Amino acid sequence: MNRGWMYDRYYSGRRGLKESFVNGVEQFAIKACEQQSYLDERHTRCPCNKCHSTHIFLIEMVKVHLYKNGFMPNYYVWIDHGEEQPHVNDNSVGPSSSGLNVVEGEHFMAMNEMVFDALRQHERFESSDLNNMDEHEHPNEEDQRFYNLLLEANKPLFKGATDSKLSVCVRLLACKSNWNVPDQCLDFITKIFLDITPTKEKLPKNYYDAKRLVSKLGLEVKRIDCCVKGCMLFYDNEYGKNDGGLLQCKFCHKPRYYPQRLGRTKNKPIPMKTMFYLPIIPRLKRLFASIQTAYQMTWHYENRRDSGVLRHPCDGEAWKYFDKIHPDFAAEPRNVRLGLCSDGFNLFIQTSSKPYSCWPVIVTPYNLPPEMCMCRPYMFLSCLIPGPCNPKTSIDVYLEPLIDDLKKLWSGVETYDISRKKNFMMRAALMWTINDFPAYGMLSGWGTQGKLACPYCMDDTKAFRLHYGGKNSWFDLHRRFLPNDHTFRRNKNAFKKGKVEMGGSPSMLTSEQIWHEIKDLPKVIDNPHVGKLSGYGEWHNWTKRSIFWDLPYWKDNMLRHNLDVMHIEKNFFDNIFNTVMDVKGKTKDNDKARKDIALYCRRPDLELKLNINGKMLKPKANYTLTIEEAKLVCRWIKELRILMVIHRTWLGVLM
Amino acid sequence: MSGMKSHDCHVFMECLLPIAFSSLPVHALNPLIEVSHFFRDLCSTTLTNSDLAKMEENIPIILCKLERIFPPAFFDSMEHLPIHLAREARLGGPVQYRWMYPFER
């Protein structure tokens, strides 16, 4: 159907509306009037460029709006007026149009959006369920319960009302989270509602009631007590762990709860430390329960291409290799690939003098198309590891519940897919972790400190400790990566003095070899106080056998941990900038570095010289700017910044 | 000059560095520009295998050129790691799906 007329309203020069547009709007009105919702309520959603389907009017009013404002952008498929989102077919390329409902910006708007999503979704579910009862399967029990709850909560408050109990409750909670209103105030507001409206049974009675309704629909959060020192978690799992009832730590014997005061034994004991675990399985199921995402979850399969162009992780070698090893997993395109990200951050940067390092662990699915991948709605916070100290290598202890769930996901979990109206066994595999360089060491088990910091070169590295600087240096390590006949290899003057490099580049171990190397190393969950392993920092940098190796498929991932380009780029840039601009205290080109130059290199013009007055003189290097030049650069950047600010504000005004 | 966030560094590294340091002598400036180009190529949203192969060949040369200019103390582990980045991109796809910008926000 050609709907070009929708966005072609006027004759040029504003000589009135085009006939095709008027006819089109008429068609639209007929279509809208056929809808069940219109027959019930005599109103319909207005898709004009100002209302964006959020307001509901009489059809005449909607027409006037459309003549005046035109249609909202990208509304070729009239999904709010009875049309179905077309299926994504194999050949469709490019951004998917309206499946995306990502609203950044004000929270409250996002909240409204959420309610609308839920409403639309259930309408569609209900209607299709009635029509095609015999063709399609019913959702499994658990998912059915969710849909039933949603249906129940989504019934309009009274006939013709635009709000349901759910939307009222969500708006109340939004009120609390946006303006931080006390509970009692919300109780008061609900009381007003109840007093002034005739329909009492469907409104929430108080704040607690509202919260309970929404939390039933929402996703659960588990609190797991942990040892104060981070040795263990007090919880049970299906793999034989049975620590839920312990009262003190198995390893350090610290108590689990604060000691109770005498005579107050009725109160619940207060745990010393708890972590939050947000189970990942229901969140992944929810992706298939929502019509917006369920179609998109097979994007990677439908848009496969072998053109040598990398647009998405599914084009990468690691993804293809994994598919080859596990054909049964690859055969079902709905199986989920996950990435895991962890990073420490300081909660109270301004207020607290004590550092508090909190480690969120985020899981994100890679099945989605590029514009939805790695967006905020599709990043699931799965663990919140409490501080105050950096967990270091014992981060494994806290990851255990997540790994248990991942193991379960590998064998499959029954899930209802709304896009195909079928139940299926959803499986999921963790592809890699994303981490900065210190966290790399914590997650992979290969320490990233000292001479053997590089997790690729491993022990086959020639990094050395500078005699004066006292730091490890990776100087003159890169000639071995060059082709054998490169002139740099025989250069005895420019690099380390008198040295010719003939070695080849270090051989990278395959995951099988790595597994062979570490399979006998101790695991942190079995023994958190293992200390340094023998030979650490000399011929290996292993601190532990990482918990990820417990996943049965982990050794089939070619790229298990990512070096974070962002951090490397930033540190690289900082070093270049500080050295070239000769920033005091931060430059790498200090007196000690010059002494080291004399020791390792043949660069007499850079060595420290003894001045007449007995002081050492540091000659200016040709790679630093003079003070005047540095000032010039600073001024230039400042002007640039002002320009950018002006540019940004102008954009703001124009938008 | 302080208070540069990691994204400021990203922009500076990829766009402004060649202009800002244009008063350096050519033999010191060129490798810096090459580093800047390397990161810019690596961070593009679509990569091709042939480009990546070329980058994998080039990065040791660029780092060697830097070694000829800067003192040994300049080279900490962060200066070494770019050598493995092109390979990782070949395995895992574009860096936008594997870096931490979206998580740090």
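Worth saying up front: this structure is predicted, and the values here are computed from it rather than measured.
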Look at the aromatic rings of A/Trp319 and A/His312 and report parallel, tilted or perpendicular, splitting at 30° and 60°.
perpendicular
Against chain B, label A/Thr579 side chain, backbone, both or neither, depending on which of its atoms sit under 4.5 Å from a heavy atom there.
side chain
Quick test of your reading: applying ring-ring contact (aromatic ring centres under 6.0 Å, His included), list the pairs with at least one residue in residues 32-51 of chain B, sequence neighbours left out, ordered by first then second residue.
A/Phe572-B/Phe39
Return the set of residues passing side-chain hydrogen bond (donor to acceptor under 3.5 Å, both in side chains) with A/Asp564 (not counting sequence neighbours), or none when no residue passes.
A/His567
Against chain B, label A/Ser505 side chain, backbone, both or neither, depending on which of its atoms sit under 4.5 Å from a heavy atom there.
neither
Which members of residues 19-28 of chain B, sorted by number, sit under 4.5 angstrom from chain A on a heavy-atom basis?
B/Ile19, B/Ala20, B/Phe21, B/Ser23, B/Leu24, B/Pro25, B/His27, B/Ala28
Side-chain donor-acceptor pairs of residues 69-78 of chain B under 3.5 Å, sequence neighbours excluded:
unit_1	atom_1	unit_2	atom_2	d
B/Asp76	OD1	B/Met78	N	3.2
B/Asp76	OD2	A/Lys588	NZ	3.2

Quick one: which of B/Arg87, B/Arg90, B/His80, B/Glu56 has the most heavy-atom pairs under 4.5 Å with chain A, could you say?
B/His80
Quick check on B/Leu47 against chain A: is it the side chain, the backbone, both or neither that has a heavy atom closer than 4.5 Å?
both
Residue part contacting chain B, namely of A/Met379, when any heavy atom lies under 4.5 Å
side chain
Quick check on A/Cys314 against chain B: is it the side chain, the backbone, both or neither that has a heavy atom closer than 4.5 Å?
neither
Identify which of A/Lys496, A/Lys471, A/Met508 forms the greatest number of heavy-atom pairs closer than 4.5 Å to chain B.
A/Met508
What residue in A/Val583, A/Asn571, A/Leu563 has the most heavy-atom pairs under 4.5 Å with chain B?
A/Leu563
With a 4.5 angstrom heavy-atom cut-off, is it the side chain or the backbone of B/Leu29 that approaches chain A, or both, or neither?
neither
Given heavy-atom pairs under 4.5 angstrom as the criterion, report whether the side chain, backbone, both or neither of A/Asn562 touches chain B.
both
Quick one: do the B/Asn58 and B/Glu34 side chains pair a donor with an acceptor below 3.5 Å?
no
With a 4.5 angstrom heavy-atom cut-off, which part of A/Phe495 approaches chain B: side chain, backbone, both or neither?
side chain
Is any side-chain heavy atom of A/Leu625 less than 4.5 Å from a side-chain heavy atom of A/Asp582?
no
Tell me, for A/Tyr366 versus chain B, whether the close heavy atoms (under 4.5 Å) come from the side chain, the backbone, both or neither.
side chain
Between A/Val580 and chain B, which part of the residue has a heavy atom less than 4.5 Å away: side chain, backbone, both or neither?
side chain
NZ of A/Lys592: more than 12 outside heavy atoms within 6.0 angstrom?
no
Test item: side-chain donor near acceptor, A/Tyr623 and A/Asp589, under 3.5 Å:
yes
Please look at B/Leu32 and chain A and tell me whether the side chain, the backbone, both or neither of the residue comes under 4.5 angstrom of a heavy atom of that chain.
side chain
Is it the side chain or the backbone of A/Arg603 that comes within 4.5 Å of chain B heavy atoms, both, or neither?
side chain
Which bit of A/Glu629 is near chain B, if near means a heavy-atom gap under 4.5 Å: side chain, backbone, both or neither?
side chain
Heavy-atom pairs under 4.5 Å with chain A - which of B/Thr45, B/Val95, B/Ile59, B/Thr48 has more of them than the others?
B/Thr48
Minimum heavy-atom distance A/Pro370-B/Tyr97, with the two atoms named
CB-OH, 3.0 Å
B/Gln96, part contacting chain A, at a heavy-atom distance under 4.5 Å
backbone
Among A/Gly308, A/Ala318, A/Ala463, A/Cys373, which residue forms the greatest number of heavy-atom pairs with chain B at distances under 4.5 Å?
A/Gly308
